[in-house]
Q: 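Please see the structure below; I have some questions.
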Amino acid sequence: MNKGKITKVSGPLVEAKGLSDANIYDVVEVSKDKLIGEIIEMRGDVANIQVYEETTGIGPGDEVVSTGSPLSVELGPGLLERMYDGIQRPLEKLELLAGEFLKRGVTAPPLNREKKWKFKAEKEVGDQVIPGDILGSVDETSVINHKIMVPNGVKGKVKEIKDGEFTVDQTVAVIETENGDKEVNMIQKWPVRTPRPFNRKLDPDTPLITGQRVIDTFFPVAKGGAASIPGPFGSGKTVIQHQIAKYADADVVIYVGCGERGNEMTDVLDEFPELIDPKTGESIMKRTVLIANTSNMPVAAREASVYTGITLAEYYRDMGYSVALMADSTSRWAEALREMSGRLEEMPGDEGFPAYLASRIADFYERSGKVIVNGQVEKEGSLSVIGAVSPPGGDLSEPVTQSTLRIVKVFWGLDYDLSYQRHFPAINWLNSYSLYQDKMDSYIDKTVDEKFSKNRMRAMSLLQQESSLQEIVRLIGRDGLSDDDKLKLDVTKSLREDFLQQNAFHETDAFCPMEKQDLMLDTILYFYDKSLEALSDGANLDELEELEVKEKITRLKLIKDENLEEFDQVKKQIDKECKEAVAKGEDE
Ligand code: ADP
């Protein structure tokens with residue numbers, strides 16, 4: 001039996017009897033309104049269903065019909081530039097704001113059925129193909145060429161294929177398989193809880209350059225890596241996510257807002273279409289899909305949105321793209337799990353979260369990675385996941401943050417005190433870390449500057465020494481320090497203010513290419529070395545602290561990307577002024 005009757009309704013959780021043939025995670029249609037739900041627990045013929053829409057007006061006796069298939073998404077051209085809710089219903093901005101106007105149970109197809117796409121065949125009649133092979137492609141937007149791949153489970157010889165204008169549901173190729181001819185169109189369906197297959201996983205070895213100095217230089221994330229960014233309110237979490245969505249060198253960005261209510265996403269909706277991708281000069285929406293929940297969707301829908309998002313991301317990865325998925329905030333998803341678990345009367349774990357919280361979070365982040373995708377041609381694709389966490393009260397020991405940190409390799413710790421001092425991005429350099437650092441170092445040493453990793457380690461060590469020096473200053477005053485240590489405090493101040501601080505709203509500073517990051521760091525350390533040298537050669541500390549070139553150093557971040565030779569001039573000026581200071585010192 002795949003039809004049952006509701007026996008109990010408790011918020012988003014509906015209990016139904018009589019669904020003996022249904023399976024866990026099957027999608028069901030609830031009541032005559034056909035609300036979409038998912039079976040999350042089965043006991044005999046009693047199913048517990050998590051409903052992704054408001055359940056008011058539904059009660060015992062109403063009918064429930066299992067569709068017999070798991071929650072799936074439609075994959076194909078037309079996803080980019082769109083906004084969807086957690087169960088992939090297309091959304092317009094207005095609906096997000098005023099979700100209550102959205103009729104329950106209405107299902108518009110996720111992909112536009114009318115639009116014609118210009119399909120360009122890349123395979124020919126007679127070619128042997130396996131899943132993942134690219135049959136052809138369409139220009140989905142002006143910046144992304146969408147590959148039409150052989151669907152999973154289809155293998156054989158191309159019998160028909162041609163260029164032309166097709167809608168997504170028209171056949172673009174016929175493949176002769178062992179089990180007969182298979183018509184392939186441009187839609188693939190995929191169950192969201194099942195990771196999409198790939199050929200094999202690679203070790204992430206290239207950085208995802210974000211143009212944010214504190215991230216790329218000190219706490220890099222790899223292409224195919226996973227990072228977590230816990231952000232108390234007002235600490236700059238949203239700004240960082242936007243900066244990454246805008247500047248990271250990913251081909252495709254999937255932005256999942258599993259926020260409290262739809263209105264948290266309206267900022268994103270207002271801003272993203274206006275943001276211009278510096279690489280293409282086009283709106284970043286041309287390579288972006290937004291997933292958001294409307295304000296009338298119950299918390300349970302957050303779970304669907306996380307899975308929907310990562311499935312879309314895997315699909316673009318399979319085409320050979322580098323994809324970045326941002327999830328804001330995964331804490332809201334965890335809270336939804338807690339609420340459902342409570343309603344199911346499961347045994348609660350830490351702070352009421354279900355015992356499977358950690359494994360759910362791990363399964364999600366494990367879908368990131370750099371891989372050789374399926375298909376006969378060896379091709380790389382990567383999926384990087386950046387998850388925001390909002391620990392209540394900034395307490396990092398709470399279960400969601402802890403479960404996340406156990407699995408991700410990068411932690412950007414946003415610090416309320418830093419944001420209060422207007423040090424942005426407020427990533428605390430003393431407690432953040434990246435376990436990709438060694439690999440990323442060797443990559444940057446090879447591609448940008450062989451001194452890079454040495455400089456980076458030295459700068460970090462100076463920053464770490466700073467706090468103990470500051471402690472001494474607090475106790476006995478600055479005069480208690482040696483001249484060397486005073487210079488050390490000067491350089492760490494410069495590292496903080498002239499390097500780590502980066503203004504997301506400044507035209508030149510918002511994005512800093514790796515070459516410039518390297519030159520900035522090198523110049524600051526060069527100044528430190530030269531002034532130490534001058535000091536030991538007899539220059540006065542007061543003199544060194546007043547050098548004109550220091551003003552130039554505070555403005556290094558404003559040097560334009562096309563004028564990087566200016567760094568050489570600054571170094572020459574450092575040489576000159578330090579020499580003069582030594583000469584003056586000798587005169588006295
Ligand atoms: P959250 O999302 O954590 O609540 P926001 O990202 O909205 O915090 O940041 C709060 C404010 O901090 C922003 O409105 C902005 O004024 C400032 N801010 C954050 N990051 C930066 C940055 N990199 N450069 C300049 N200002 C920033």
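Ligands are counted one by one from 1 in listed order, and the atoms in each one are counted from 1 as well.
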Q: For ligand 1, which is the ligand I care about here, please tell me if Phe424 has any N or O atom under 3.5 Å from one of the ligand's N or O atoms.
A: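 Such a contact does not occur with ligand 1.
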Q: Can you pull out the closest protein heavy atom to atom 26 (N) of ligand 1? Residue, atom name and distance to 0.1 Å, please.
A: Phe505 CE1, 3.4 Å
Q: Under a 3.5 Å distance rule, please check whether Thr308 uses its side chain to pair with a backbone N or O of Ser305 as donor and acceptor.
A: no
Q: What residues, two or more places apart in sequence or in another chain, satisfy ring pair (Phe, Tyr, Trp, His ring centres under 6.0 Å) together with Phe511?
A: Tyr247
Q: Taking the non-hydrogen atoms of Ser419, is any one of them nearer than 4.0 angstrom to ligand 1?
A: no
Q: Have a look at His506, His242, Lys237, His423 and point out the one with the heavy atom closest to atom 3 (O) of ligand 1.
A: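 Looking at heavy atoms only, the winner is Lys237.
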Q: Counting from 1, what ligand 1 atoms have a heavy atom of Pro232 closer than 4.0 Å?
A: 3 (O)
Q: Using a strict cut-off of less than 4.0 Å between a Lys/Arg side-chain nitrogen and an Asp/Glu carboxylate oxygen, indicate whether Lys557 and Asp498 qualify as a salt bridge.
A: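 No salt bridge links Lys557 with Asp498.
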Q: Quick one: does Val239 get an N or O within less than 3.5 Å of an N or O on ligand 1?
A: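 For ligand 1, there is an N or O atom that lies under 3.5 Å from one belonging to Val239.
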Q: So, Ser329 and Ser390: side-chain donor and acceptor under 3.5 Å apart, yes or no?
A: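 A donor-acceptor contact under 3.5 Å links the two side chains.
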Q: Flag the pair Glu545 and Arg478 as a salt bridge only when some basic side-chain nitrogen lies within less than 4.0 angstrom of an acidic carboxylate oxygen.
A: yes
Q: Applying side chain to side chain donor-acceptor pair (under 3.5 Å) between Thr311 and each of Gln88, Arg367, Arg196, report the one that passes.
A: Arg367
Q: Please report the C-alpha distance between Arg496 and Glu466 in whole Å, then the side-chain angles of each, then the deciding distance to 0.1 Å, and finally whether the salt bridge (Lys or Arg N to Asp or Glu O under 4.0 Å) criterion is met.
A: CA-CA 11 Å; Arg496 278 187 286 111; Glu466 181 183 43; 2.9 Å; yes
Q: Please identify which atoms of ligand 1 are closer than 4.0 Å to at least one heavy atom of Gln502.
A: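 Taking each heavy atom of Gln502 in turn, ligand 1 has 22 (C), 23 (N), 24 (N) under 4.0 Å.
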Q: Is Leu521 close to Phe499 at the side-chain level, that is, under 4.5 Å between some pair of heavy atoms?
A: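 A side-chain contact exists here, since the closest heavy-atom pair is under 4.5 Å.
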Q: For ligand 1, which atoms sit closer than 4.0 Å to a heavy atom of Asn503?
A: 24 (N), 25 (C)
Q: How far is atom 2 (O) of ligand 1 from its nearest protein heavy atom, and which residue and atom is that?
A: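 The answer is Thr238 OG1, 2.4 Å.
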Q: Going by the order shown, which atoms of ligand 1 are within less than 4.0 Å of some heavy atom of Gly234?
A: 1 (P), 3 (O), 4 (O), 8 (O), 10 (C)
Q: How does Ala426 reach ligand 1, by side chain, by backbone, by both or by neither, if only non-hydrogen atoms under 4.0 Å count?
A: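 It is neither; nothing of Ala426 touches ligand 1.
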Q: Looking at atom 24 (N) of ligand 1, what's its closest protein heavy atom, distance included?
A: Ala504 N, 3.0 Å
Q: Counting each atom of ligand 1 from 1 as listed, which ones have a heavy atom of Arg422 under 4.0 Å away?
A: 16 (O)
Q: Provide, to 0.1 Å, the distance between atom 9 (O) of ligand 1 and the closest protein heavy atom, together with that atom's residue and name.
A: Gly236 CA, 3.3 Å
Q: Is it the case that the side chains of Glu548 and Gln573 hold a donor-acceptor pair, with the cut-off being a distance below 3.5 Å and no angle test?
A: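 Distance-only check fails for Gln573 and Glu548.
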Q: Is the shortest distance from atom 14 (O) of ligand 1 to a protein heavy atom below 4.0 Å?
A: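 Answer no: nothing from the protein, no heavy atom, is under 4.0 Å.
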Q: Run the salt bridge (Lys or Arg N to Asp or Glu O under 4.0 Å) check on Asp249 and Lys223 step by step: do they pass?
A: CA-CA 9 Å; Asp249 61 342; Lys223 281 205 173 106; 3.1 Å; yes
